[in-house]
Protein chains: 2
Amino acid sequence: MLNYSTSEENYIKAIFHLQHADGTVTTNELAGELRTKPASVTDMMKKLKIKKLVHYEAYHGFRLSNEGKKLALLIIRRHRLWEFFLAEKLRFSWEEVHAVAEDLEHVSSKKLIDKLDEFLGFPRFDPHGDPIPDSHGRIEASKQVCLQDLPLNKTATVGHVSDQSPAMLELLSHKKIGIGTKLEVKRKFGFDNSLEIKIRQQAPINISEQLSKNIFVKYDE
Amino acid sequence: MLNYSTSEENYIKAIFHLQHADGTVTTNELAGELRTKPASVTDMMKKLKIKKLVHYEAYHGFRLSNEGKKLALLIIRRHRLWEFFLAEKLRFSWEEVHAVAEDLEHVSSKKLIDKLDEFLGFPRFDPHGDPIPDSHGRIEASKQVCLQDLPLNKTATVGHVSDQSPAMLELLSHKKIGIGTKLEVKRKFGFDNSLEIKIRQQAPINISEQLSKNIFVKYDE
DNA sequence: AAATATTTTTAGACAAACCTAAATTATTTT
DNA sequence: AAAATAATTTAGGTTTGTCTAAAAATATTT
């Protein structure tokens with residue numbers, strides 16, 4: 001694997017996160033995600049095309065090549081391993097890990113990452129519940145279900161939160177919901193699709209449709 | 001503390017390492033250390049002068065300002081803490097830690113470094129025996145003595161090796177000498193200033209003057 | 001299908017960090 | 001102290017990644 005600049009890596013990672021079902025991403029979406037201008041995106045796509053990391057034809061969007069996907073998974077691996085390290089070993093809070101991992105993920109020594117993985121005991125999920133790709137870029141499909149789709153009175157464990165904005169994290173922390181929280185859905189209100197959920201040893205609480213759509217859980221055994 | 005580019009940080013660190021008794025460094029020395037060209041050094045010195053990190057007058061060398069010294073110690077702190085982490089936690093060998101730490105040292109979160117320090121148990125020396133500045137930039141003067149100056153039959157512990165070239169590290173590893181090795185000088189040969197030294201439970205070995213001048217030890221209590 | 005609006009690309013500039021070659025200043029030799 | 005040598009700086013150019021403003025292509029309305 002060749003060496004890529006921080007900027008190139010950020011573009012690749014952002015494309016990976018934004019890609020739709022068919023893998024395509026538009027210039028404006030990418031510019032928005034990276035807080036840059038569409039013209040800059042076009043410039044970079046030309047470069048990434050030459051480096052064979054994306055497929056790109058002017059005016060028709062772009063998508064990652066196989067090479068590009070491999071790189072994206074490698075960067076995500078680095079990011080999530082560092083997040084795990086920060087939370088687990090350095091006792092950073094959930095909300096803090098992301099920003100620091102954004103910097104650490106660009107240190108590209110393969111040996112560093114593989115040894116870090118080993119040191120951490122080969123964790124399979126980061127502190128937000130997102131799966132960590134292994135050293136070959138294989139990623140576990142976290143077969144989790146959205147809270148909205150969880151049957152009533154079935155206990156499950158929160159394993160993933162898709163929106164990780166500060167506002168979302170604040171709300172979750174207020175409701176005392178985090179990765180690993182065990183809960184069950186007690187009632188579903190058809191009017192606004194809000195849910196009444198029960199967390200062990202706490203009074204039942206209410207969850208809006210919006211929130212429930214962003215919380216993913218795994219059925220308990 | 002403001003944020004500086006990787007390049008600026010590398011210049012500051014290099015000046016710190018090269019500085020003579022009066023703190024000055026020349027353009028050519030710095031260009032050599034950084035494997036760059038003298039013209040590039042001049043460009044950067046103008047910039048660092050504007051940022052008040054160095055004192056600089058054209059044609060008369062330069063030296064770090066107090067701000068610059070503070071920054072240098074911060075970068076050295078990051079570097080040495082990461083070296084300690086790599087060696088101690090990830091089991092990197094002595095020779096490998098430096099290159100990786102060169103990248104990690106530019107991740108500038110203060111909280112990250114202070115938490116890393118705590119996680120590592122506030123180590124005072126890195127794996128090469130160099131002292132680690134504390135969070136205020138205070139650095140311990142390692143009051144160590146060169147092997148050449150160690151009195152006969154006095155046991156001491158290796159605490160620092162000043163030349164860390166691959167050739168040096170190879171020789172040290174062959175002679176089974178490392179940081180923490182306990183030894184004493186048995187004889188001194190005036191002809192070439194070579195030493196006969198004894199390491200616990202090993203046959204006595206010979207050390208050239210050149211080598212002995214690069215090994216620093218602390219008297220045992 | 002023409003007109004309008006939106007998206008994307010091109011053209012041309014800029015800052016950071018580097019370079020080479022030429023000019024300038026400092027140092028050393030004679 | 002002049003000449004020769006060495007060190008340093010200036011001038012002008014390159015690459016990377018960004019920008020703004022204008023042009024071109026695509027998508028949406030009417």
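This structure is a prediction, so every number in the text was calculated from the model and none was measured. The sequence lines fix the lettering, A, B, ..., with proteins before strands; numbering per chain opens at 1.
Between the P atom of D:dT16 and the CE atom of A:M45 lies a distance of 15 Å, rounded to the nearest Å. Computed from coordinates, the B:K49 NZ to D:dT8 P distance equals 16 Å when rounded to whole Å. For the pair B:E29 CD and D:dA6 C1', the interatomic distance rounds to 14 Å; values are reported in whole Å. If you measure from atom CG of A:L30 to atom P of D:dT18, you get 11 Å, rounded to the nearest angstrom. What separates CZ of B:R35 from P of C:dC19 is a distance of 12 Å, to the nearest Å. The CZ atom of A:F62 sits 12 Å away from the C1' atom of C:dT7 (whole-angstrom rounding). In this structure, CG of B:D43 is placed 13 Å from P of C:dT20, rounded to the nearest angstrom. As rounded to whole Å, 13 Å separates atom C1' of C:dA16 from atom CD1 of B:I50.
A cation-pi contact links B:K115 to A:F92, judged by a cut-off of 6.0 Å to the six-membered ring centre and 45° from its axis. Annotation: cation-pi pair B:K69/B:F16 absent, no NZ/CZ under 6.0 Å from the ring centroid and within 45° of its normal.
Within the 4.0 angstrom heavy-atom criterion, only backbone atoms of the sugar-phosphate kind lie near B:T27; the bases stay farther away. Residue B:S7 is in sugar-phosphate contact alone, with no base atom involved, counting any heavy-atom pair closer than 4.0 Å across all strands shown.
Which of D:dC19, D:dT9, C:dC18 sits closest to the side chain of B:M44 comes down to C:dC18. Considering only side-chain atoms of B:Y59, the nucleotide from C:dT24, C:dT8, D:dT20 that sits closest is C:dT24. You'll find that the side chain of B:Y11 is closest to C:dC18, out of D:dT26, D:dA7, C:dC18. For A:A39, whose side chain is taken as the heavy atoms from C-beta onward, the closest listed nucleotide among C:dT20, D:dT20, D:dT8 is D:dT20. Minimum atom distance to the side chain of A:N28 is reached by C:dT8, of the listed C:dT8, D:dT18, C:dT20. Among the nucleotides C:dC18, C:dT9, D:dT9, the one closest to the side chain of A:Y56 is C:dT9. Nearest nucleotide to the side chain of A:T42, out of D:dT9, D:dC19, C:dT10: C:dT10.
Among residues two or more places apart in sequence or in another chain, the side chain to side chain contact (heavy atoms under 4.5 Å, CB included) test is passed with A:S7 by A:S5, A:Y11, A:M44.
Within the 4.0 Å cut-off from OP1 or OP2 of C:dC18, not a single side-chain nitrogen or oxygen of B:T36 is found. Taking 4.0 angstrom as the limit, B:K37 places none of its side-chain polar atoms (N or O) nearer than this to OP1 or OP2 of C:dA21. The phosphate of C:dT7 has neither OP1 nor OP2 within less than 4.0 Å of any side-chain N or O from A:T26. Residue A:H60 places at least one side-chain N or O closer than 4.0 Å to OP1 or OP2 of D:dT26. At least one side-chain nitrogen or oxygen of A:K46 sits closer than 4.0 Å to the OP1 or OP2 atom of C:dT10.
At a cut-off of 3.5 Å, with distance as the only test, no side-chain donor of B:E170 or B:H174 sits close to an acceptor on the other residue.
The 5' end of DNA chain D is approached more closely, in terms of each residue's nearest nucleotide, by A:E8 than by the other of A:A58 and A:E8.
Side-chain rings of B:F122 and B:F84 stay apart, their centers remaining 6.0 Å or farther from each other.
Taking the six-membered ring for Trp and thresholds of 30 and 60 degrees, B:F85 and A:F119 have ring planes more than 60 degrees apart, a perpendicular arrangement.
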